[in-house]
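Lettering follows sequence order; numbering is per chain, from 1.
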Amino acid sequence: MKKGVSGIIMQAIKRGRKRGELVDGLLPPLTLEYPKEEIYGDYATNIAMVMASYEKRPPREVAETIVKLIEDEAGIIERVEVAGPGFINFFLKEDYWRHFLLEAAREGERYGEGELGKGKKVLVEFLSANPTGPLHIGHGRIAAFGDALANILEKVGYEVEREYYINDIGTQMQLLGRSVYLRYLQEWGKEVEFPADGYQGEYVKEIARQVKGKEGNKYITLPEREIVDTLGQKASETILRWIKDDLKGFRIRFNSWYRERDLYRGGLVPQILEELRGRDYIYEEEGAFWFKSTLFGDEKDRVVVRANGATTYFASDIAYHKDKYDRGYNFLIDIWGADHHGYIPRMEAAIQALGYDKISFKVILVQLVNLWRGGEQVSMSTRTGEFTTLQEVMGEVGVDACRYFFMLRRADSPLDFDLELAKREAAENPVYYVQYAHARIASIFKKAAKQVIKVPTFDEVDTSLLRLPEERWLVKQVAIFPEFLEGLAVSLEPHRLTSYLQDLAGVFHGYYNKHRVISEDKEMTKARLLLVKTIKGVLQSSLGLLGITAPEEM
RNA sequence: GCGCCUGUAGCUCAGUUGGAUAGAGCAACGGACUUCUAAUCCGUAGGUCGCAGGUUCGAAUCCUGCCAGGCGUGCCA
């Protein structure tokens, strides 16, 4: 519908230029917006004010000229006004909006699906937490964000893959293996000193006990060097199982688990280094091999092979991202914790060195979660073992509330999460407000069923009965839903869905309190049933996109 | 030091990418259950959009400089 209106404006401007009523030149970008106030119409554009500078005329005059040139062939416009400093406000015919109610009813669950991403493959890589410890609450935020974003992209037509990259080799894995080994020795009563940089968490002891229980003392006599790998691998597999369980509980599904180990197995890392060397992007210095990331704007070159011969995490990452493109994705989205932001320039450099366009690769940073318990901040470090696990929070606060809470804020805004507060507010959490609207509508239909009122189908309803301001507002919200979802996908800002939901639920609650859906007036009842049915559908699919349930009763 | 992010009501945060009178929730105060669910609604109150300049018809939003907080600045991941 937006396209229809913008088309009309563009045609008018072109017409004016042809007739010499408007100055010729480049067409300025057209922005159409939904005015906040109803008195400003259904759509407004500022185009006349933008054009005023080179038209060398007052904006209002330019606006008047454009308005006179408008031809509404499709007959969707009720009237057009020039207002304020030079806005052109469009008032559409009422039928125009109501028509979408029928569309929403007809399409049911599929309403809101779009074609924005049709034919494009997107890989969303998120979370990718190292399997060196259980997921904590910060991971929860990234997981909730990544999942919701992937859902939305899928909804608007992209072919989406959700991938988790597992760093199952390297320094951290060695350290994990060593930590387990030392705890294992302690389990057998050996006096060993546990290093400060080891993984301190209780779970390491738990894994050590498991190893002891299953395999007895077979590792005691072996030298550390020979078994650290084995133990590290065993431990990471155990932890990975925990992570998968947690994610399942958090209603998050990945369709792909990609192991760093496999990159090496497939020889991809040496291969990519060879390729970069061939393009003269790699040089040797002080015994190490460096990638010339400064050529692409990074502040310094980066090591890919250390002096000791080991490749760096960055080297794997280059190979990994190359592989993403090789698997046929047009667009790569990485979601990282904000503490990795310094890593972006070198990754973008690598993407360009490989010959891909920078805009096909996008990193979204999710700010870390500051955890509080009462008035006191809880430090969160996997290594020291001081953290609150996602599992713990899910149990205390509930998955629905937890996921909604995470989606309430912009990704790049830091989040204070107070456990005491979250628990205390569990009953008044905004998620219940939205869910309650859904449950209320469900109960309307239960009542309707008892009174043997048939749920109307889309062709037997007179939607023009929906004339109340609240009704018109609600109809419009349902109508713009598909377009709104596209906006979320373009801006990559899924959190805005919660604002939309709260507005929608809010107006519905007010409407519900003031007016009755089921009444003596049969035609009105039908029209209102259709309205609330579509609202219910929008609530349900939106909550679904956020991974939150839409209960039939509460 | 340098780089990135943030700064909006007492608190936690939105603000449709530069629009018209800056919005919610919580907390406070006053009202509404004989009705399709009161986990709700209606009303009152609450603001120097960190500060100072700049850009233009127009700035919370863009540019510059300060101030404050967070993160980063490894041949760690």
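The separation of rU56(B) from rU61(B), taken at their P atoms, amounts to 16 Å, rounded to a whole angstrom. Across the P atoms, rU21(B) and rG65(B) are found 31 Å apart, a figure rounded to whole Å. Comparing the P positions of rA68(B) and rC26(B) gives an interatomic distance of 35 Å, to the nearest angstrom. The same atom, P, is picked in rG18(B) and in rC63(B); the two are 10 Å apart, to the nearest Å. Atom P of rC62(B) sits at a distance of 10 Å from the matching atom of rC5(B), rounded to the whole Å. Nucleotides rG58(B) and rC67(B) have their C1' atoms positioned 28 Å apart, rounded to a whole Å. Only the P atoms considered, rG53(B) is 32 Å distant from rC71(B), to the nearest whole Å. The C1' atoms of rC29(B) and rU8(B) are separated by 24 Å, rounded to the nearest whole Å.
When only modelled atom types and interatomic distance are considered, Asp168(A) and Gln233(A) share no side-chain donor-acceptor pair under 3.5 Å. Looking at Asp317(A) and Tyr165(A), their side chains never bring a donor and an acceptor atom within 3.5 Å of each other. One side chain, Ser316(A) or Tyr264(A), offers a donor N or O that lies under 3.5 Å from an acceptor on the other. Tyr40(A) and Glu33(A) share no side-chain donor-acceptor pair at under 3.5 Å. Between the side chains of Arg528(A) and His515(A), no donor N or O sits under 3.5 Å from an acceptor N or O.
Using cut-offs of 30° and 60° on the angle between ring planes, the pair His340(A) and Tyr343(A) is perpendicular. Classified by interplanar angle (parallel below 30°, tilted 30° to 60°, perpendicular above 60°), the ring pair Tyr281(A)/Phe291(A) is perpendicular.
Nucleic acid contact class of Ala52(A) (heavy atoms, under 4.0 Å, all strands): none. Asp298(A) comes within 4.0 angstrom of no nucleic acid atom, judged by non-hydrogen atoms across all strands. Gly487(A) comes within 4.0 angstrom of no nucleic acid atom, judged by non-hydrogen atoms across all strands. Ala310(A) comes within contact range of no nucleotide atom at all, as no heavy-atom separation falls under 4.0 Å. Base contact: Ser491(A) has a heavy atom under 4.0 Å from a base atom. Counting non-hydrogen atoms under 4.0 angstrom, Pro414(A) reaches the backbone sugars and phosphates but no base. Asp416(A) comes within 4.0 angstrom of sugar-phosphate atoms only, judged by non-hydrogen atoms across all strands, and of no base. Within the nucleic acid shown, Phe484(A) has no heavy atom closer than 4.0 Å to any nucleic acid atom. Base contact: Glu553(A) has a heavy atom under 4.0 Å from a base atom. In this structure, His438(A) reaches neither bases nor backbone, as no heavy-atom distance under 4.0 Å exists between it and the strands shown.
Two residues, Asn89(A) and Val303(A), neighbour RNA chain B, and the one matched to the more 5' nucleotide by heavy-atom proximity is Asn89(A). In terms of position along RNA chain B, the nucleotide closest to Ile518(A) lies nearer the 5' end than the nucleotide closest to the other residue of the pair Ile518(A) and Glu286(A).
Checked for salt-bridge contact, Arg472(A) and Glu470(A) miss the test: no charged N lies under 4.0 Å from a carboxylate O.
Between Thr171(A) and rC76(B), a side-chain N or O to OP1/OP2 separation shorter than 4.0 Å is absent. Taking side-chain N and O atoms only, Tyr313(A) has no distance below 4.0 Å to OP1 or OP2 of rA77(B). Remark: Arg306(A) is in phosphate contact with rC76(B), judged by side-chain N or O atoms under 4.0 Å from OP1 or OP2. The phosphate of rG74(B) has neither OP1 nor OP2 within less than 4.0 Å of any side-chain N or O from Arg302(A). The phosphate of rU6(B) (OP1 or OP2) has a side-chain N or O of Arg410(A) nearer than 4.0 angstrom. An OP1 or OP2 oxygen of rU35(B) is reached within less than 4.0 angstrom by no side-chain nitrogen or oxygen of His515(A). In terms of phosphate contacts, Lys300(A) brings no side-chain nitrogen or oxygen within less than 4.0 Å of OP1 or OP2 of rG3(B).
For rC26(B), the base is anti relative to its sugar; the glycosidic angle deviates from 0 by more than 90°. With a glycosidic angle further than 90° from 0, rU64(B) counts as anti.
Taking a pair to require two hydrogen-bonding distances under 3.5 Å in either a Watson-Crick or a G-U wobble arrangement, rG30(B) pairs with rC42(B).
With hydrogens and angles ignored, no donor-acceptor pair closer than 3.5 Å exists between the side chain of His341(A) and the base of rC5(B). Donor-acceptor pairing under 3.5 Å, judged by distance alone, is absent between the side chain of Asn46(A) and the base of rA20(B). With hydrogens and angles left out, the side chain of His340(A) and the base of rG72(B) share no donor-acceptor pair within 3.5 Å.
In this structure, of rA24(B), rC71(B), rC75(B), it is rC71(B) that holds the atom nearest to the side chain of Asp339(A). Nearest nucleotide to the side chain of Asp412(A), out of rA39(B), rU6(B), rG15(B): rU6(B). Considering only side-chain atoms of Tyr343(A), the nucleotide from rC75(B), rU40(B), rA77(B) that sits closest is rA77(B). When each of rG15(B), rC75(B), rA77(B) is scored by its nearest atom to the side-chain atoms of His495(A), the top-ranked nucleotide is rG15(B). Between rA20(B), rA14(B), rC5(B), one nucleotide has an atom nearer to the side chain of Arg409(A) than all others, and that is rA14(B). Across rC75(B), rA77(B), rG19(B), the shortest atom-to-atom separation from the side chain of Met49(A) is found for rG19(B). Relative to the side chain of Met554(A), the nucleotides rA20(B), rA39(B), rC41(B) differ in distance, and rA39(B) lies closest. In this structure, the nucleotide among rA14(B), rG19(B), rA38(B) sitting nearest to the side chain of Arg440(A) is rA38(B). Among rA77(B), rU16(B), rA38(B), the nucleotide with an atom closest to any side-chain atom of Tyr34(A) is rU16(B). You'll find that the side chain of Arg516(A) is closest to rU35(B), out of rC5(B), rU35(B), rA38(B).
The nearest whole Å value for the distance from the CZ atom in Phe289(A) to the C1' atom in rC75(B) is 13 Å. The OH atom of Tyr199(A) sits 14 Å away from the P atom of rC76(B) (whole-angstrom rounding). Straight-line distance from the CD atom of Glu33(A) to the P atom of rG19(B): 6 Å, rounded to whole Å. Separating the CG atom of Leu368(A) from the P atom of rA77(B) is a distance of 19 Å, rounded to the nearest angstrom. The distance between atom CD1 of Ile364(A) and atom C1' of rC5(B), rounded to the nearest whole Å, is 15 Å. One interatomic measurement links the two molecules: CZ of Phe508(A) to C1' of rA24(B), which rounds to 19 Å at whole-angstrom precision.
Atom CG of Leu92(A) sits about 4.5 Å away from atom CG of Asp42(A), to the nearest 0.5 Å.
Evaluation of Tyr433(A) against the base of rG25(B) yields no stacking contact (centre distance < 5.5 Å, interplanar angle < 30° required). For Phe87(A) and rA20(B), the ring-to-base geometry satisfies the stacking test (centroid distance below 5.5 Å, interplanar angle below 30°).
Judged by the 6.0 Å distance and 45° axis criteria, Arg403(A) is not positioned over the aromatic ring of Phe145(A).
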